Number of protein chains: 2
Amino acid sequence: MTKRRKKSPVEPEYMEPAMCSTDLRREILQRVPFFAMLPPNAIEQINLRFRERGFTEGEPIFYAGAPAARLYVVATGKVKLMRHTQAGQDVLLDILTAGEFFGSLSLLGNEVYPDSAIAQTIVCALSVGAEAFRAILVDYPAVALAVLDITAARLREAHEAIRQISAHSVEQRIAYTLLKLAEKLGEPREEGLLIQMPLSREDLANMAGSTTESASRIVSQFQREGLIVTGRQWIAITDQGRLRELASAGAD
Amino acid sequence: MTKRRKKSPVEPEYMEPAMCSTDLRREILQRVPFFAMLPPNAIEQINLRFRERGFTEGEPIFYAGAPAARLYVVATGKVKLMRHTQAGQDVLLDILTAGEFFGSLSLLGNEVYPDSAIAQTIVCALSVGAEAFRAILVDYPAVALAVLDITAARLREAHEAIRQISAHSVEQRIAYTLLKLAEKLGEPREEGLLIQMPLSREDLANMAGSTTESASRIVSQFQREGLIVTGRQWIAITDQGRLRELASAGAD
DNA sequence: CGCTGCCTTGATCTTCTTCAAAACGTGTGG
DNA sequence: CCACACGTTTTGAAGAAGATCAAGGCAGCG
């Protein structure tokens with residue numbers, strides 16, 4: 001058996017919170033899926049409406065329950081979307097990366113954010129007031145349609161997650177969660193398909209709707225079975241095929 | 001203790017499948033939340049693009065996995081949105097009533113429906129091809145924004161459901177599910193706030209991510225505790241307050 | 001009536017959480 | 001460079017929650 005790698009292969013995102021420089025903004029906006037189809041001068045117009053802000057690792061971007069006034073776009077880094085329960089239990093709903101948006105979409109008056117957004121790494125985020133964003137959607141109908149597509153896709157994913165959670169075992173859910181993460185953040189490395197972000201057992205458990213201990217047990221088991229390689233705050237997948245089998249069926 | 005009512009107080013929806021008459025269509029479209037703001041002549045235009053179809057109780061409208069070509073609007077009746085697992089387990093994702101839409105929103109080529117839609121009662125549904133709907137959204141930007149709002153709201157609900165399922169007990173989830181159903185379909189009656197639709201224990205279990213037996217046990221328990229009144233295929237809530245406490249906290 | 005679905009109930013058994021404690025890695029300060 | 005301290009991860013054992021299996025009961029309907 002090869003020796004387990006001790007050092008995390010996850011590369012930190014190099015950047016200062018303040019380095020969200022204005023020069024890069026247009027380029028970043030250009031890469032946002034729902035702005036990509038716009039001509040440069042439109043991007044220019046839109047750029048004017050956004051403001052930028054840096055966040056350090058672990059810093060909250062906004063808390064659930066705060067008045068929902070702005071829409072954010074991740075420029076660099078990873079953002080956790082979390083929802084809390086009375087009992088202090090957290091559920092990790094999604095992890096967002098460069099080009100993805102979060103925050104207030106609807107303009108319908110005085111609403112509050114239903115979830116908290118927390119910088120998982122150093123993050124630079126662009127944001128725009130909800131009304132201003134609404135104005136953009138009105139000015140550029142193609143953007144509105146693109147945003148709708150993305151939101152509909154997220155709804156499908158959420159429905160899929162509901163099915164997963166309510167019909168599968170913890171083992172299957174963890175497997176599924178790892179695959180989903182790898183799909184989004186996976187980078188091929190010697191050790192396997194690395195999930196390129198700091199990810200604790202607790203985060204994983206909160207995504208799969210389970211506990212830290214259970215997540216740990218199952219991750220260890222996966223490693224013993226040769227499906228993954230893992231260390232502190234990182235996981236790489238070595239056998240996607242078998243993991244996928246596990247996630248969907250379980251009955252074989 | 002009052003004698004339990006034996007007869008279902010749920011009123012069947014009176015209507016023939018074929019009675020989806022063309023005369024009513026404009027009126028129905030008018031009531032659809034995202035068309036409501038349009039002037040009559042626009043509704044007229046949109047009406048031309050829709051076709052109607054009736055479904056009997058239990059009849060599938062479309063199956064998960066079929067090519068997703070159309071968007072549907074419920075004119076009358078109730079529609080179940082379900083997702084299946086390999087193991088034959090079903091998850092009930094949502095129940096849709098008059099004015100709500102389902103089916104294919106995205107136009108992005110050759111996709112398939114991720115869930116099955118099944119008529120829970122006799123249903124009349126209007127439908128439109130995905131491209132035609134997209135054309136409507138382009139022609140009427142206000143409609144696009146309204147559709148986006150509704151989709152975003154559904155996403156929020158789905159996230160809330162994920163939190164519910166992953167962090168609460170079956171008892172709490174059933175309580176929560178009943179409250180949500182009552183919110184949507186509740187009608188005040190002598191016996192309490194009646195959930196106006198045929199609802200089996202199995203349906204309830206599939207919504208709460210549990211089993212028929214557990215749902216039955218908990219429903220019985222709720223009835224013993226005086227929170228609800230129930231019979232075959234129907235449930236009415238008598239003590240919303242206590243049910244709500246149960247659903248959210250549980251720790252008291 | 002007797003059939004066909006729903007619904008209920010009990011007993012068992014698996015799964016997962018919980019509580020508790022130890023081991024490990026990582027970064028820090030001496 | 002080493003040793004320490006902290007947060008993360010692992011592991012064990014006990015317990016609870018819920019699924020599963022298996023009958024039996026009840027209502028509505030032909």
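Heavy atoms only: backbone and side chains are in, while hydrogens, waters and symmetry mates are out. Keep in mind that what you see is a predicted model, and the values were worked out from it rather than measured.
When atom types are taken as modelled, the side chain of B:S116 and the backbone of B:A64 share a donor-acceptor pair closer than 3.5 angstrom. For the pair A:R173 (side chain) and A:H168 (backbone), a donor-acceptor distance under 3.5 Å is present. Under a 3.5 Å cut-off, the side chain of A:T212 and the backbone N or O of A:E202 do not form any donor-acceptor pair. Of the possible polar contacts, none joining the B:T56 side chain to the B:E59 backbone as a donor-acceptor pair under 3.5 Å is found. A donor-acceptor distance shorter than 3.5 angstrom exists from the side chain of B:Y113 to the backbone of B:R70, with no hydrogens or angles considered.
Taking atom CH2 on B:W234 and atom P on C:dC6, their separation rounds to 18 Å, with Å as the unit. Atom CD in B:Q172 sits roughly 12 Å away from atom C1' in D:dA17 (whole-Å rounding). Separating the CG atom of B:L199 from the C1' atom of C:dC6 is a distance of 13 Å, rounded to the nearest angstrom. When rounded to the nearest whole Å, the span between CG of A:L204 and C1' of D:dT8 equals 14 Å. Atom C1' of nucleotide D:dC26 and atom CZ of B:R201 are separated by 13 Å, given to the nearest angstrom. Straight-line distance from the CD1 atom of A:I165 to the P atom of D:dG18: 16 Å, rounded to whole Å. Taking atom CD of B:E202 as the reference point, atom P of C:dT4 lies 19 Å away to the nearest angstrom. Between the P atom of D:dA27 and the CD atom of B:Q233 lies a distance of 14 Å, rounded to the nearest Å.
To the nearest 0.5 Å, atom CD of residue B:Q120 and atom CG of residue B:L199 are 7.0 Å apart. In this structure, CZ in A:R217 is found 7.5 Å from OG1 in A:T211, a value given to the nearest 0.5 Å.
Cation-pi contact between A:R53 and A:F62: absent, since separation from the ring centre below 6.0 Å together with deviation from the ring axis within 45° is not met.
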Fill in the blank from the handout: The dot-bracket string of DNA chain C, counting Watson-Crick and G-U wobble pairs with both distances under 3.5 Å, using [ ] for crossing pairs and | for pairs to another strand, is |||||..|||||||||||||||||||||||
Exercise for the section: Do nucleotides 12-17 of chain C as a string where each nucleotide becomes B, S or -: B if the base has a protein heavy atom under 4.0 Å, S if just the sugar-phosphate does, - if no protein is that close. Expected result: ----SB
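A:S216 comes within 4.0 angstrom of a base, heavy atoms only.
Partner B:Q221 forms a side-chain hydrogen bond (donor to acceptor under 3.5 Å, both in side chains) with one of B:E225, B:Q223, B:R224 and no other, that one being B:E225.
A donor and an acceptor atom never sit less than 3.5 Å apart when one is taken from the side chain of B:R232 and the other from the base of D:dG28.
Not one side-chain nitrogen or oxygen of B:S220 sits closer than 4.0 Å to the OP1 or OP2 atom of C:dC7.
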